[in-house]
Amino acid sequence: MCYFGPMSNSYFTLVYRVTQAIPPGRVTNYGAIADFLALGSSRMVGWALNKCHGKGVPAHRVVNSKGELSGRNMFPSPSMMQELLEQEGVQVSKDKVINFKETFWSPTEHLDPDEYDYPHE
DNA sequence: GTTTTGACGGTCT
DNA sequence: TAGACCGCCAAAA
């Protein structure tokens, strides 16, 4: 689904697409997305997701390398992120994903870089 | 046009 | 083992 039109090749849009590609009940971390998109910086991933509000991007499935819901404070309700994850079957405790290693989903192993081509210019 | 910040990651101390 | 620092690229002020 393209929420962003034909110009969906901007780096933040790529982040959105990868985030949307995350299957329910799974989570990933910023570094994985950054590495997959060859962005090289996980900060931009989080920064991009910061603007995803109201864009239909399941940002709640993206956590930091520690499995912590780092961005929960950014959500309308700090607990909303945890609620959404638990709603999808992801067990969360103390703002941290339980069995994070099992719940972790690597875009590099499931997505094709060719479909998420990063614009050179 | 320059400076600061940003939902982070990895490495060093 | 835990804490602190630097590095990444881009956007907003």
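Lettering of chains follows the sequences in order, A, B, ..., and the numbering in each one begins at 1. Please read all numbers here as calculations on a predicted model, not as lab measurements. Side chains are part of it too, since the values below use all heavy atoms of this structure and drop only hydrogens, waters and symmetry mates.
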Whole-Å distance, A/Y30 OH to B/dC8 P, equals 6 Å

Whole-Å distance, A/N50 CG to C/dA11 P, equals 14 Å

Whole-Å distance, A/K96 NZ to B/dA7 P, equals 19 Å

Q.
Less than 6.0 angstrom from the centroid, inside 45 degrees of the normal: does A/R17 satisfy that with respect to the ring of A/Y116?
A. yes

Notebook entry, point to check: Angle class for the A/W105/A/H110 ring planes (parallel below 30°, perpendicular above 60°, tilted otherwise)?
Noted result: parallel

To the nearest angstrom, the NZ-P distance between A/K66 and C/dG3 comes to 9 Å

Check your understanding: Would you call A/E68 and A/K94 a salt bridge, using N to O less than 4.0 angstrom?
Key -> no

To the nearest angstrom, the CG-P distance between A/N73 and B/dC8 comes to 11 Å

Rounded to whole Å, CG of A/L69 lies from P of B/dA7 at a distance of 15 Å

Side-chain N or O of A/S65 closer than 4.0 Å to phosphate OP1/OP2 of B/dG9 = yes

Does A/R43 contact C/dG7 through a side-chain donor or acceptor facing the base, at a distance under 3.5 Å?
yes

Looking only at B/dA7, C/dC8, B/dC8, the nucleotide nearest the A/N64 side chain is B/dC8

Quiz item: Are the side chains of A/L69 and A/K96 in touch, meaning some heavy atoms are under 4.5 Å apart?
Solution: no

To the nearest angstrom, the CZ-P distance between A/F36 and B/dC8 comes to 21 Å

Exercise. Report which part of the nucleic acid A/A48 touches: base, sugar-phosphate, or nothing (heavy-atom distance under 4.0 Å, all strands).
Key: nothing

When rounded to whole Å, the CG to P distance for the pair A/D95 and B/dA7 reads 16 Å

